[in-house]
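Below you'll find the structure, written out as structure tokens, and then a few comments.
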Amino acid sequence: MRLIADLPGTSTPFRATVLERASLLRRARATSPELAEQLTDRELEILTYLPTRMTNTELAARCYVSPNTIKTHMAHIYRKLAVPNRNTAVARAQDLGLI
């Protein structure tokens, strides 16, 4: 994160987005002590997209993985947050300050 922030030249929207996402991931890691098993960086990244209501296929395209990989990550997120579905996962993540 520091290397990207220290790049010479004016800040671009892409650079700002990268730094914002990295900051969210760092804060999420630090603020989720209530979870028995911590979410991975990739799971946290996918979790931040859940409120957008993107389909698994759209998420897969955004994250450069297959839809089956997204389904696997979603199953891990649901298990770690102890929730049955996407709506509840979003609500639980908001309660924990993850998103």
Exercise for review: Applying side-chain hydrogen bond (donor to acceptor under 3.5 Å, both in side chains), run through N87 and R92 and close with a yes or a no.
Suggested key: CA-CA 9 Å; N87 290 334; R92 175 88 168 120; over 6 Å; no
Exercise for review: Using distance alone, with no hydrogens and no angle criterion, decide if T69 and T72 have a side-chain donor and acceptor under 3.5 Å apart.
Suggested key: no
Study note, to complete from the structure: When rounded to the nearest 0.5 Å, the distance separating NE2 of H76 from OG1 of T40 is 9.0 Å
Practice item. Determine whether the side chains of N56 and R86 contain a donor N or O and an acceptor N or O closer than 3.5 Å. Key: yes
Revision key, fill the gap. In short, A60 meets P67 closest at the heavy-atom pair CB-N, 3.6 Å
Review point. If you look at every heavy atom in P84 and Y78, which pair is closest and at what distance?
Key: O-CD1, 4.2 Å
Check your understanding: What do you reckon, is CZ of R62 surrounded by more than 12 foreign heavy atoms closer than 6.0 Å?
Key -> no
Exercise for review: Kindly compute the distance separating CD (E43) from CD (E37), expressed to the nearest 0.5 Å.
Suggested key: 7.5 Å
Exercise for review: Calculate, to the nearest 0.5 Å, the distance between atoms CG and CG belonging to L98 and L44 respectively.
Suggested key: 6.5 Å
Review point. What distance separates H73 NE2 from C63 SG, expressed to the nearest 0.5 Å?
Key: 8.0 Å
Revision key, fill the gap. Interatomic distance, CG@L81 vs CG@L96, rounded to 0.5 Å, equals 6.5 Å
Study note, to complete from the structure: Rounded to the nearest 0.5 angstrom, the CG-CD1 distance for L47 and I99 is 5.0 Å
**Study point:** Same cluster (ILVMFWY, side-chain, under 4.5 Å), L19 and F14
**Key:** yes
